[in-house]
*Asks:* 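Sharing a structure with you now.
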Amino acid sequence: MPFRTIIEPFRIKSVEAIPFTTRVTREVRLREAGYNVFQLHAEDVLIDLLTDSGTGAMSSAQWGALMQGDESYAGSRSFYRFRDVVSTLTGLRHIIPTHQGRAAERILFHAILSPGDIVPNNSHFDTTRANIEVEGAEALDLVIAEGRQPATIHPFKGNVDLERLEALLASEGDRVPLVMVTVTNNSGGGQPVSLANLRAVRALCDRFQKPLFLDACRFAENAWFIKTREPEFATWTPKAIAQAMFSLADGCTMSAKKDGLANIGGFLALNNDEWADRCREALILTEGFPTYGGLAGYDLEAIARGLEEVVEEPYLHYRIRSTAYLGESLVRSGVPIIQPPGGHAIYIDARALLPHIPPLQYPGIALVNALYIEGGVRGVEIGTLMFGRHPDGSETPGTMDLVRLAIPRRVYTQSHIDYVAEVVAAVAATASSLRGYRVVQAPATLRHFTARLEPL
Ligand SMILES: Cc1ncc(COP(=O)(O)O)c(C=O)c1O
């Protein structure tokens, strides 16, 4: 196209009104919510950037496909359509539907892990880590050093540190039943993994005879980064790149709430017949029969169609560009973010923006709450409130204090994003007046969801 503007590659034929609130109402609602945006009613939020998971807009083709759902308990037509799309994409033999990504993780890890095992990954997502640890195994993060430095620019900050992986497999290989790679690396800022790095991980897995599994939640966004940043693949279609990524893997876990473009769903796919038998047994216990796995026939239809749409070039071009667009606007306003922008979210460095608020007074929470009060924008703290408390009750600063603004797929237009950028800039301009918080009530684990706080 000869024009600069990258447009939303869709027309909007159904809309949902978003509720406007006054600043005074938002102050009341936030106080009632214990200064924790997880406790707000969604209808009190104007622009909701809490997560990109399950919050996307389905296409008219997906809504149409819902009516084709075959709700037969066993052998439903919708399962075979879903299976065919997933196996064309992944090339994997056994396709096991689950109600969302963490169910695939739980079933896989329960089937194959033993206490004392180690599962390396670039960075484990929190549910992946928890499902490994609950089996008595260790979840080890081996992302490259650049992936841990917010301001360092690198095209593939999600890459696996190959030297550390090789050293692990050489010294403790007996304890490693599988190697995982998360594409894109959510816990590291939505950063991609190159195909060269995946190939090198595969070569190590071959040398040490280990299966390689992808945490494939954002495989299509990762494929787009490969296309635009790895010259060898510049002329490939995103689908062909995704197929090349999956061809290196022996299996994957997937949350269809991300790059399945669906509101619910997931799957586990793998080649190992014996592991697949064990996983299907567990599936029947907790999810359902292997041809629906916790989903309705219409969900399987929506996911099948979503997996076809998500690798379309105009969609991915718009998707990755619109995330970068928000990041660039914030940088222009002097707001420090994790660089370069990731695929699904922008991560603001709240510790750098609010240096006067010590980590144990939760600068991320101060910023999240200010964004809500200022403009009705909901983000999420990824910092000391989320990670700072230890099982013995002690508290130390999280590694970073970030605020994630995750962008739901196909939901908000460029003017919504312009509005968000304005709100962040307005808050940043008064940053020195923001105050920290203290926790007044919190459960022992996963406190960030339900903690009640008060301003200092
Ligand atoms: C990288 C990654 N893996 C796994 C999951 C878990 O998926 P679900 O929320 O569908 O259980 C998520 C969800 O955010 C994720 O980002």
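Note that ligands are numbered from 1 as they come in the structure, with each ligand's atoms numbered from 1 the same way. Please read all numbers here as calculations on a predicted model, not as lab measurements.
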*Asks:* For Cys217, is the nearest heavy atom under 4.0 Å from an atom of ligand 1?
*Replies:*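 True for this residue.
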*Asks:* Give me the residue, atom name and distance of the protein heavy atom closest to atom 10 (O) of ligand 1.
*Replies:*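 Looking only at protein heavy atoms, the one closest to atom 10 (O) of ligand 1 is Ser255 OG, 2.7 Å.
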*Asks:* Using the six-membered ring wherever Trp is involved, compare the ring planes of His448 and Phe38 and label them parallel, tilted or perpendicular (cut-offs 30° and 60°).
*Replies:* perpendicular
*Asks:* Would Lys257 count as a polar contact of ligand 1, with the cut-off being nitrogen or oxygen pairs under 3.5 Å?
*Replies:*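 No, since none of the N or O atoms of Lys257 sits under 3.5 Å from an N or O of ligand 1.
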*Asks:* Within the side chain of Asp52, is there an N or O that forms a donor-acceptor pair under 3.5 Å with the backbone of Lys258?
*Replies:* no
*Asks:* Please examine the side chains of Leu198 and Met245, heavy atoms only from C-beta on, and report whether any two atoms are closer than 4.5 Å.
*Replies:* yes
*Asks:* I'd like to check whether Thr127 has a polar contact with ligand 1, where a contact means an N/O of the residue lying under 3.5 Å from an N/O of the ligand.
*Replies:* no
*Asks:* What protein heavy atom is closest to atom 8 (P) of ligand 1, reported as residue, atom name and distance in Å?
*Replies:* Gln100 NE2, 3.3 Å
*Asks:* Just heavy atoms, cut-off under 4.0 Å: does Arg102 contact ligand 1 by side chain, backbone, both, or neither?
*Replies:*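 The part of Arg102 near ligand 1 is both the backbone and the side chain.
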*Asks:* Under 4.0 Å from a heavy atom of Thr182: which atoms of ligand 1 are those, numbered in the order shown and with their elements?
*Replies:* 1 (C)
*Asks:* Starting from atom 5 (C) of ligand 1, what is the nearest protein heavy atom, named by residue and atom, and what distance separates them?
*Replies:* Phe125 CD2, 3.3 Å
*Asks:* Return the orientation label for the Phe213 and Trp275 ring planes: parallel under 30°, perpendicular over 60°, tilted otherwise.
*Replies:* tilted
*Asks:* Taking Asn197 for its side chain and Val160 for its backbone only, find out whether a donor-acceptor pair lies under 3.5 Å.
*Replies:*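 Looks like yes, one N/O pair under 3.5 Å.
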*Asks:* Tell me the protein heavy atom at minimum distance from atom 14 (O) of ligand 1, and give that distance in Å.
*Replies:* Lys258 NZ, 2.8 Å
*Asks:* With heavy-atom distances below 4.0 Å as the criterion, list the atoms of ligand 1 near Asp215.
*Replies:* 1 (C), 2 (C), 3 (N), 4 (C)
*Asks:* Between Glu135 and His110, do the side chains contain a donor N or O and an acceptor N or O under 3.5 Å apart?
*Replies:*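 The answer is yes; a qualifying pair exists.
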*Asks:* Output yes when a side-chain donor or acceptor of Lys157 lies under 3.5 Å from a complementary backbone atom of Thr152, and no otherwise.
*Replies:* yes
*Asks:* Whether the Arg409 and Thr55 side chains hold a donor-acceptor pair (N or O, under 3.5 Å, no angle test) is what I'd like checked.
*Replies:* no
*Asks:* Checking a contact table here: which protein heavy atom is nearest atom 4 (C) of ligand 1, and how many Å away?
*Replies:*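 Here the closest protein heavy atom is Glu105 OE2, 3.1 Å.
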*Asks:* Quick one: which ligand 1 atoms are inside 4.0 Å of a heavy atom on Gly101?
*Replies:* 7 (O), 8 (P), 10 (O), 11 (O)
*Asks:* What atoms in ligand 1 come closer than 4.0 Å to a heavy atom of Arg218?
*Replies:* 1 (C), 15 (C), 16 (O)
*Asks:* Can you classify the ring geometry of Phe82 versus Phe267 as parallel (below 30°), tilted (30 to 60°) or perpendicular (above 60°)?
*Replies:* perpendicular
